[in-house]
Number of protein chains: 2
Amino acid sequence: MSPINLAIVGVGKIVRDQHLPSIENNSDFKLIATASRHGTVDGIPAFTSIEAMLDAVPGIDAVSLCMPPQYRYEAAYKALEAGKHVFLEKPPGATLSEVADLEALAKTKHVSLFASWHSRYAPAIEAAKAFLAGTTIKSVHVIWKEDVRHWHPNQEWIWQAGGLGVFDPGINALSIVTHILPPLFLTGAVLEFPENRDSPIAADLQFKSGQGLAVHAEFDWRQTGKQSWDIVAETEAGQMVLSEGGSKLSVNGELTFTAPEAEYPSLYRRFAEIVKAGTSDVDLAPLRHVADAFMLGKRKFVEAFHD
Amino acid sequence: MSPINLAIVGVGKIVRDQHLPSIENNSDFKLIATASRHGTVDGIPAFTSIEAMLDAVPGIDAVSLCMPPQYRYEAAYKALEAGKHVFLEKPPGATLSEVADLEALAKTKHVSLFASWHSRYAPAIEAAKAFLAGTTIKSVHVIWKEDVRHWHPNQEWIWQAGGLGVFDPGINALSIVTHILPPLFLTGAVLEFPENRDSPIAADLQFKSGQGLAVHAEFDWRQTGKQSWDIVAETEAGQMVLSEGGSKLSVNGELTFTAPEAEYPSLYRRFAEIVKAGTSDVDLAPLRHVADAFMLGKRKFVEAFHD
């Protein structure tokens, strides 16, 4: 099979750091064009809009969309309408309804839509899933606490309505939780909004499963010093800790699995797989939990946040 | 086929006003038990919990769940687990995730789940849908404005987080819109919260469709005097007004369709139909738009509300 001719829309930091090296090292893909208001890639034909790119380069088979979620729908719609396969960065959209709409369009057009969740491809995720499947889980605690000033300095869009606030990193935790645990639903939530912002800076979430498993998640963007991206499960087989965003698995304090980080190479392998199989991969569960939290959650106002 | 042996859980005003007469006049159903903390139905065995009822009356085939949405999941889970068909009043749950979970459980158990939207069965809905299908829609304006003090006097639960506030009536409008218009998604929203309440008293919503149709919806619970439950569409064939909550259809000012109200009899006909066919009817689109509005919407604080 000849390589999938790929275009990238929205050439920014994540593209340079993750997408480009992953594509370069994957013989299933050949990058043939980019569209971006400012960014370009050396030696690759560059356009400033997706429309201009699709018109000028008819040989494009697939498009990776890496702009902020608020602008993703229009581009995805155009690409799918033009019969291209589409890779969506996380989160797949600003609303659940638009992604459901795109999923239906991909089906009609017989092309593949990939709503990617990079944290699901962190090194120790499958080992954690296998461990949990082999025991009885008693309770789960998710701690996702980081310093927004360090990770998102002066990024205004994350604080705007629809920017998701602390759920922007938190959805990574939810993408792992929805992959390794039984189906959950929210029973209560408190969202903390800085009094000068439209998005939450912290969230405390209580979930349970049909069988009554309790899962408590804490997201906080005000963590200085040590950063926490941990999932701790108390089980019949002891305490399991999935730490550093899914990188390391420990059981009863002993490291049982780790491997080098390779999330984006895995995402592009998965994208090639679904394109070849003629299927889509769209799991809305992580974004659905976020929407549920905004719908069900109690709002609390806290100190103003200044970058 | 012998009638479906039905039980009702949560015997309150809506059950007495709507469910009981509809069941009585439908030979597909026979009411054989109720479970409710306080309410009972004359001549029908009454229990105070769904567990006690399911244990005592093994002949129950189906259960209608009419308690507030916050308590619906537990009962639905127990009924489905016990192999009963389930009818859910609107909204089908407090979160999207729990309803998705119930839908999967119904499939596993080979029973029918009905997430009912009574406004979809208002008299003029199908006539409106047929009219719109035969023309080109230019724009749509949804006006759902009522007096909360009249319709929900001293109902504390609707003001609590998860109680949905003005979306409790607004979701009826959304259940019609998602039935008669092409798929939409939210592009912007403003939610007005009384400063002493956890749920919105008003919402202004901007939607569009993939093809670019603009839909504007206004929900307001502060309307005194004339109440408004109208959907106005500007079309190539003139102005269509679907008024009084779906009861009357007018085109260019002329009444073109009306019929007596029969929403709940239609719901029970539909429930019997899916039970006989061995299918489910779960459309989450109306609740998904509400969750999207809470996730994407800008919050604005307004005057305190006192009953």
Side-chain angles (χ1 to χ4, degrees), chain A residues 69-70 73-74 76-78 80-81 91 93-105 160-165 167 174 178 182-191 193 197-199 207-212 284-301, chain B residues 69-70 73-74 76-78 80-81 91 93-105 160-165 167 174 178 182-191 193 197-199 207-212 284-301:
Chain A
Q70 293 95 321
Y73 175 86
E74 300 277 0
Y77 188 87
K78 278 170 191 148
L80 293 171
E81 268 285 329
T95 63
L96 291 162
S97 307
E98 71 192 56
V99 189
D101 198 27
L102 294 176
E103 195 179 2
L105 182 59
Q160 288 160 9
L164 298 189
F167 287 99
L174 294 174
T178 50
L184 302 172
F185 59 95
L186 204 69
T187 56
V190 177
L191 310 188
F193 286 72
R197 302 287 181 167
D198 288 321
S199 284
F207 295 93
K208 66 179 199 179
S209 75
Q211 277 74 27
L284 284 176
L287 189 60
R288 199 166 58 203
H289 283 308
V290 174
D292 281 341
F294 277 92
M295 179 164 65
L296 188 71
K298 199 173 159 66
R299 279 153 198 78
K300 197 176 135 185
F301 289 87
Chain B
Q70 292 94 321
Y73 175 86
E74 299 278 359
Y77 188 87
K78 279 171 191 146
L80 293 171
E81 268 286 329
T95 63
L96 290 162
S97 307
E98 71 192 57
V99 189
D101 198 26
L102 294 176
E103 195 179 1
L105 182 58
Q160 288 160 10
L164 298 190
F167 287 100
L174 294 174
T178 50
L184 302 172
F185 59 94
L186 205 69
T187 57
V190 177
L191 311 188
F193 286 72
R197 302 286 182 167
D198 287 322
S199 284
F207 295 93
K208 68 177 198 179
S209 75
Q211 278 72 28
L284 283 177
L287 189 60
R288 200 167 55 202
H289 283 308
V290 174
D292 281 341
F294 277 93
M295 179 164 65
L296 188 71
K298 200 172 158 69
R299 280 153 197 79
K300 197 176 133 183
F301 289 86

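Throughout, a chain's letter reflects where its sequence line sits, starting with A, and its residues are numbered from 1. Please read all numbers here as calculations on a predicted model, not as lab measurements.
Only the side chain of A:Glu74 comes within contact range of chain B, with at least one heavy atom under 4.5 Å from a heavy atom of that chain. B:Tyr73 touches chain A through its side chain: at least one heavy atom from C-beta onward sits under 4.5 Å away, while N, CA, C and O do not. At a 4.5 Å heavy-atom cutoff, the contact between B:Asp198 and chain A is made by backbone and side-chain atoms alike. Heavy atoms of B:Leu184 lying under 4.5 Å from chain A belong exclusively to its backbone. Looking at A:Ala100, only its side chain comes within 4.5 Å of chain B, counting heavy atoms on both sides. Heavy atoms closer than 4.5 Å to chain A are found in the side chain of B:Phe193, but not in its backbone.
Heavy-atom pairs under 4.5 Å with chain B were tallied for A:Gly297, A:Ala189, A:Ala161; the largest tally goes to A:Ala161. Considering only heavy-atom pairs separated by less than 4.5 Å from chain B, the leading option among A:Ala104, A:Ala293, A:Ala94, A:Gly210 is A:Gly210. Ranked by non-hydrogen atom pairs under 4.5 Å with chain A, the options B:Ala285, B:Gly188, B:Ala291 are led by B:Ala291.
The nearest pair of heavy atoms linking A:Glu98 to B:Leu186 is OE1-O, 4.5 Å. Residue A:Phe294 comes nearest to B:Arg299 through the heavy atom pair CD2-NH2, 3.5 Å, listed as atom of the first residue, atom of the second, then distance. Across all non-hydrogen atoms, the minimal contact from A:Met295 to B:Thr95 is CE-CA, 4.1 Å.
Within the 3.5 Å criterion, the main-chain N or O of B:Ser97 finds a donor-acceptor partner in the side chain of A:Asp292.
For B:Phe301 and A:Phe301, the gap between ring centers is short of 6.0 Å.
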